Amino acid sequence: MDRASYNAGLADLRPLRDDIARLEKTLTKLLRDRESRVRKLGGFDDAKAAAIAKAAGVSIGDVVALVPRLDPTPDHARAQLHQPAAAARAPEPAPEVAAEFGPEGAVAPAFQSAAAQPRMQTPEAPALTPQAGHAEDDVAPATVEVDDKPSPPAGRPPGERIELPSIPDGAAGEAYTAVTRDLFSQRPNFTQGSREMGFLDTVNGVLVWRGGEVRLELGARAPEEILDAVLAVAPGIERLYVTAGDPWHAGAERYPTLKQAVAAWLNTTSQRWTVDTGRGRDRMAGHFVHARQPVGRYTRAGADRNGEHVEIRSVREWFDPDGADPQLVREAFVCLWKALKVKWPDVVLMGSPSQTGKDLWARTIPLKGQWAGGYPVLSEELRGLFHATAGQGRTELILPPRVSAELPCLVEYDRTFAYARHTWRSPVGAPGRVTGAEFAKLSEAEQKKLLMSPAHLQVRVTVPDGWEHVGLLPAPISGDRNWEYPATPGATFTTWAGGAEIYTALSNPVAPWRIEVLDALLFAEGDPIDKWSKWLKEAWASLTAAARIHADARQRQALYLASRAVRSILLFGIGGFAQRPRLVTGTTPADELHLVPEGAEILTHDDRHVTWQRVSGFSRDPMAHPEWSASVWSGARAALLSMRMRPENAQVGALHVPAGQVVAFRTDAIYLTARHDWPYHGEPGDYLLKGHLTGPVPAPGSEDELLAIRDKGRTALAATEAGER
C-alpha cells in the first residue's frame with residue numbers, strides 16, 4: 001500500500017464511523033423505548049412476564065428487572081433462594097492487619113532452600129473449568145445442569161478479600177475429624193453394561209457406528225430430527241457423540257447467553273421424545289446444560305423400561321477432534337478401549353471421562369489389606385470445609401508494572417500430562433487435628449515432619465520484605481477468580497493450603513516466607529489413586545509412542561486422540577472426586593409449577609416448560625474424596641513454582657527464573673519472557689516448550705489477549721521447528 005491508498009482508506013473509513021455512531025444512537029433510543037413499553041404493559045393487572053418477554057424478545061429475568069411484581073418465582077423458592085449459597089459460603093471481610101487478630105498460631109520453621117535440598121514430590125490437579133470439564137451426578141429427575149463452580153458471596157465487589165471458614169472449637173469441631181457413617185468407596189461386584197455408540201457429523205450428516213457408515217438427512221438438526229434419523233438406520237444406538245457441527249448452538253443469536261440457547265435446543269422435543277429420567281447404574285437423570293459440551297438425555301415417549309433411551313453428547317468431552325471425521329473418531333475410541341483393556345479386562349467406556357475414570361478407579365480398590373473394606377468418605381462438614389478452602393488450578397495474569405509493558409518475547413511452557421505426576425501419595429482416612437497451640441509445643445523436627453505429611457493447613461502468611469517475585473500462596477477473594485496470589489512485601493493474609501504449597505513457601509530458593517500455623521488437619525499417608533494413575537499413565541505412554549511411529553497417518557491421528565482421551569479420564573476423574581455442592585438447573589412442565597423444588601429460582605418460562613436453578617448440598621456419594629483432589633491441586637500449584645527434574649537434578653518452574661520474567665499462569669502452563677534450557681523427556685509433569693513468539697510483544701492486558709498471543713506463539717514455534725527438519 002502506498003501513501004495515496006492509505007489516505008484514501010482513511011477518507012473511506014470516516015463516513016463508516018459516522019454511520020455507526022448514528023446507528024448506535026438509534027439503537028439506544030429503541031432500547032429505551034422498549035423498556036418504557038415493557039414497564040407500561042407490566043402495569044396491567046393480569047400481565048404475565050412470559051408473554052411480555054416473548055413479545056419483546058428478551059428474557060423473563062429482563063422483564064422482572066423492570067417490573068419486579070411480575071416475578072414468577074414461587075413464594076417458597078423466592079423466600080429461600082439464597083439460603084443454600086449462604087450456608088455453603090458466607091465469609092466475612094478479612095481484617096486489614098490479620099497478624100493482630102484470629103486464633104493463636106505458631107511460626108513454622110523454614111526449610112533449607114529447594115535449590116540446595118532434594119525436593120519433596122508433590123501432587124497436582126485439574127481445572128474443571130474446568131474449562132476444566134464438568135461433573136455429572138445422579139440428581140432429581142428433569143435436572144438439566146450441574147455447575148461445579150461456587151457462586152461468589154452476594155454483594156461483594158470482585159476482587160475484595162474475604163475470610164475463609166475455620167474449624168469450630170468444642171464438640172462442633174469434632175465433626176471435622178470424622179467420616180460419614182456407613183459410607184465407603186468399595187470395589188464394585190458387577191460389570192458395567194456397555195452402550196452402543198454412534199458418531200455423527202451434523203454438518204455433513206455422516207453417521208458412523210458398528211454397523212457401518214451412512215449419510216442422513218437431519219432437517220433443521222433439532223434433537224427430535226437427529227434422533228429419528230439416527231435410530232431409523234441404527235436402532236440400537238444409546239449414546240450418540242456429535243463430532244462436528246454443534247447443533248445446540250443453532251439460533252444462538254436469539255438468546256442473551258449461549259447456555260440459554262443450549263437449554264432451549266435441548267428442550268425442543270416433540271411428542272415422540274421426552275426427557276429421560278434415568279435408569280440403571282450409570283444412567284443420569286435429565287439434560288446437562290453446558291455452553292459447549294451439553295448432554296441431552298431422551299427416551300421415546302411411551303417407551304417401557306426396555307424402550308429406546310438415547311444420549312446426545314459432544315465428543316469434545318474426551319478430546320478436540322481437530323477436524324477428524326466420524327470414522328476416525330470411532331477408531332480413536334476403539335484404540336482407547338484396547339489400551340485400557342490391558343489393565344482393566346472388564347473396561348467399559350461410559351458417557352464421560354469423569355464417569356469412566358471413577359469407575360476404573362473403583363476397580364483398583366484393594367481386596368486385601370487395610371482398605372479392603374473400602375475407603376471411608378469424610379463427614380459432610382469436612383467435605384464442606386474442603387469445598388470452601390481448596391482451590392483448583394492457578395490462573396493468574398501479571399500486569400505492568402510488575403512486567404514490562406513491552407515484552408521481548410512470550411514463551412509458553414506447558415507441563416505434559418501434568419496431573420499424572422502427582423498422584424503417588426494421598427491423604428487417607430479420618431484426619432487428626434493439630435491446633436496452632438499444639439503445633440507450637442512440637443519440637444522443630446516434629447513440626448517439619450508434620451509440614452511434610454499429607455495435611456490441609458490454616459495459616460497466617462506474611463510476604464517477606466524485599467520480595468520481588470510472584471506470589472506463592474492463594475488468598476481468597478470475591479468474584480469469578482476466587483483466589484489471588486499476594487506478592488507485595490509485608491502483605492499479610494490468612495488462608496488454607498496443602499502441605500506441598502506450604503513446603504514450597506518455606507523452602508523456596510529466593511527467601512522463606514513467614515508461615516504461622518493456626519490449625520491443621522493431619523492425615524495418614526496412603527496411595528489410593530496411585531495404581532489407577534500408573535495404569536492410566538501406561539496406557540497414555542503406549543498410545544503416545546504408537547502415535548509417533550505408526551506407518552499410517554490416519555491411525556497415528558486416531559492413536560493420538562486416544563492418548564488425549566486417557567488424559568481426560570485422569571484429569572476429570574480427579575476433579576470428580578471433589579464432589580462440590582453444585583448449582584442444579586432443571587425443567588418442570590408449565591402446568592406443574594408446584595413441583596419446582598424449594599429454594600429454586602425461575603430462570604426462563606415458556607408455554608411448555610419452566611427452567612429453574614437451586615444450590616444443592618452434598619449427597620451420600622461413595623466416590624466423594626475431596627481430600628484427594630485438594631492434595632493434587634495443591635501439588636499442581638507448587639510444581640508451577642518449583643520442581644526438581646531427574647536425572648539432571650535441575651530445578652525448573654517460575655521461581656527459577658528472574659523476577660519479572662513471569663507473565664502468566666494457566667493451570668499447568670507458565671508464560672515467560674525468555675527461553676530456558678529445561679530438560680524434557682516426554683514424561684508426565686515435564687515442561688514442554690509449546691510456543692515462542694518473538695518480540696517486541698505488548699504485554700497482554702486480559703486473558704483474551706494472552707490467549708491470542710499464545711496461539712500466535714504456538715504457530716510461530718511450529719513453523720520454526722518445521723523449517724529445522
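Nothing fancy with the numbering, it's 1 onward along the sequence. Note that the coordinates shown come from a computational prediction; the quantities given were computed from them, not determined experimentally.
Formation of a donor-acceptor pair under 3.5 Å by the Arg383 side chain with backbone atoms of Leu378 is found in this model. A donor-acceptor pair is defined here as one N or O able to donate and one able to accept, closer than 3.5 Å; such a pair exists between the side chain of Thr720 and the backbone of Ala716. For Ser629 (side chain) and Pro626 (main-chain N/O), no donor-acceptor pair under 3.5 Å exists by modelled atom type. Side chain of Asp519 to main chain of Gln458: no donor-acceptor pair is present (N/O by atom type, distance under 3.5 Å, no hydrogens or angles).
Salt bridge present: Glu444 and Lys448 bring a charged side-chain N and a carboxylate O closer than 4.0 Å. The residues Arg421 and Glu683 are annotated as not salt-bridged, no charged nitrogen and carboxylate oxygen being separated by less than 4.0 angstrom. Taking a cutoff of 4.0 Å between a charged side-chain nitrogen and a carboxylate oxygen, Glu703 and Arg666 qualify as a salt bridge.
Exactly one residue among Trp535, Phe572, Phe577 makes a ring pair (Phe, Tyr, Trp, His ring centres under 6.0 Å) with Trp361. That residue is Phe577.
Taking 4.5 Å as the limit, some side-chain heavy atom of Leu570 sits within range of a side-chain heavy atom of Ser533.
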Test Phe386 against Leu382 for side-chain contact (heavy atoms from CB on, under 4.5 Å), laying out the working first.
-> CA-CA 6 Å; Phe386 272 106; Leu382 187 47; 4.0 Å; yes
Output, in order, the C-alpha distance, side-chain angles, deciding distance and verdict of side chain to side chain donor-acceptor pair (under 3.5 Å) for Glu317 and His290.
-> CA-CA 11 Å; Glu317 291 181 85; His290 187 278; over 6 Å; no
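Ring pair Trp513/Trp467 is perpendicular by interplanar angle, where above 60° counts as perpendicular and below 30° as parallel.
For the residue pair Ser185 / His625, a side-chain donor-acceptor distance below 3.5 Å is found, with atom types taken as modelled. In this structure, a donor-acceptor pair under 3.5 Å is absent between the side chains of His692 and Glu721.
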